[in-house]
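We use all heavy atoms of the structure for the numbers below, so side chains are in, but hydrogens, waters and symmetry mates are not.
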Amino acid sequence: MTTIPISWYLAVAAVLFTIGTVTVFVKRNAIVMLLGIELMLNAANLTAVTFSSYFRELGGQILVFFVMVVAAAEAAVGLAIIILLFRHRETLNVDEAQLLKL
């Protein structure tokens with residue numbers, strides 16, 4: 001059985017992070033921006049797991065667990081803000097929501 005080189009994992013993580021970054025900077029829809037942030041967090045997780053596996057250390061996998069918890073909390077709070085924003089302004093465009101005061 002052949003092993004996949006570490007560079008391939010890092011390349012996939014770089015592509016995911018790039019797609020997430022471009023999504024956050026290009027799109028103006030709040031939900032799509034949250035998805036871009038999730039892509040960037042998953043790219044960081046993939047990198048941490050890759051190095052953790054390569055160096056046979058457990059610290060990277062523990063870090064990924066905490067990042068996943070923070071990402072879940074971020075998604076819950078972000079979606080709650082987006083729902084409130086949509087109820088009051090009827091738009092998901094972040095340019096039209098300059099103030100969080102409703």
Side-chain angles (χ1 to χ4, degrees):
M1 182 172 178
T2 62
T3 59
I4 299 174
I6 189 172
S7 61
W8 290 21
Y9 291 108
L10 296 177
V12 170
V15 168
L16 284 177
F17 194 85
T18 303
I19 292 171
T21 303
V22 169
T23 301
V24 167
F25 285 121
V26 171
K27 297 293 184 179
R28 306 302 341 148
N29 187 323
I31 292 177
V32 175
M33 291 176 75
L34 276 179
L35 291 175
I37 292 170
E38 292 294 327
L39 271 179
M40 289 190 289
L41 289 173
N42 284 328
N45 285 342
L46 180 60
T47 304
V49 168
T50 300
F51 283 120
S52 174
S53 174
Y54 183 74
F55 292 115
R56 302 198 186 281
E57 292 285 332
L58 195 58
Q61 295 178 11
I62 293 171
L63 176 68
V64 167
F65 176 74
F66 286 114
V67 169
M68 290 172 65
V69 169
V70 170
E74 171 257 334
V77 171
L79 287 176
I81 291 172
I82 290 170
I83 288 171
L84 280 176
L85 180 72
F86 185 75
R87 283 185 181 172
H88 289 277
R89 305 250 169 100
E90 295 184 0
T91 183
L92 292 177
N93 191 341
V94 293
D95 290 334
E96 296 177 13
Q98 297 171 348
L99 298 174
L100 288 180
K101 184 177 177 183
L102 300 174

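The CG atom of L41 lies 12.5 Å from the CG atom of L46; values are rounded to the nearest 0.5 Å. A distance of 11.0 Å separates CG in L85 from CD in E90, rounded to the nearest 0.5 Å. Between atom CD1 of residue I31 and atom CG of residue L79 there is a gap of 6.5 Å, rounded to the nearest 0.5 Å. Here the straight-line distance linking atom CG of L92 with atom CG of N29 works out to 5.0 Å at 0.5 Å rounding. Taking OG1 of T21 as the reference point, atom CZ of F25 lies at 6.5 Å (rounded to 0.5 Å). A distance of 8.0 Å separates CZ of F86 from OG1 of T91, quoted to the nearest 0.5 Å.
Contact detail for E38 and A71: the closest heavy-atom pair is OE2-O, 3.5 Å. L39 approaches L16 most closely through the heavy-atom pair CD2-CD2, 3.7 Å. Nearest heavy atom pair, residue A43 against residue A13, reads CB-O, 3.2 Å. Minimum heavy-atom separation, S52 to G60: CB-CA, 3.8 Å. Between L63 and A48 the shortest heavy-atom distance is CD2-CB, 4.3 Å.
M33 and I83 fall into different hydrophobic clusters, where Ile, Leu, Val, Met, Phe, Trp and Tyr residues are linked whenever their side-chain heavy atoms come under 4.5 Å apart, directly or through other members. At a threshold of 4.5 Å between side-chain heavy atoms, the hydrophobic network of Ile, Leu, Val, Met, Phe, Trp and Tyr places V94 and I37 in one connected group. Hydrophobic clustering keeps V67 apart from V70 (ILVMFWY residues linked when any side-chain heavy atoms are closer than 4.5 Å, directly or through intermediates).
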| request: Report the C-alpha distance between L10 and T47 in whole Å, list the side-chain angles of each, state the deciding distance to 0.1 Å, and finish with yes or no for side-chain contact (heavy atoms from CB on, under 4.5 Å). | output: CA-CA 6 Å; L10 296 177; T47 304; 3.9 Å; yes

| request: Start with the C-alpha distance between E74 and L34, add both sets of side-chain angles, then the distance that settles side-chain contact (heavy atoms from CB on, under 4.5 Å), and finish with yes or no. | output: CA-CA 9 Å; E74 171 257 334; L34 276 179; 2.9 Å; yes

| task | Output, in order, the C-alpha distance, side-chain angles, deciding distance and verdict of side-chain contact (heavy atoms from CB on, under 4.5 Å) for K27 and L35. | result | CA-CA 11 Å; K27 297 293 184 179; L35 291 175; over 6 Å; no

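Judged by distance alone, the side chain of S53 and the main-chain N or O of V49 form no donor-acceptor pair under 3.5 Å.
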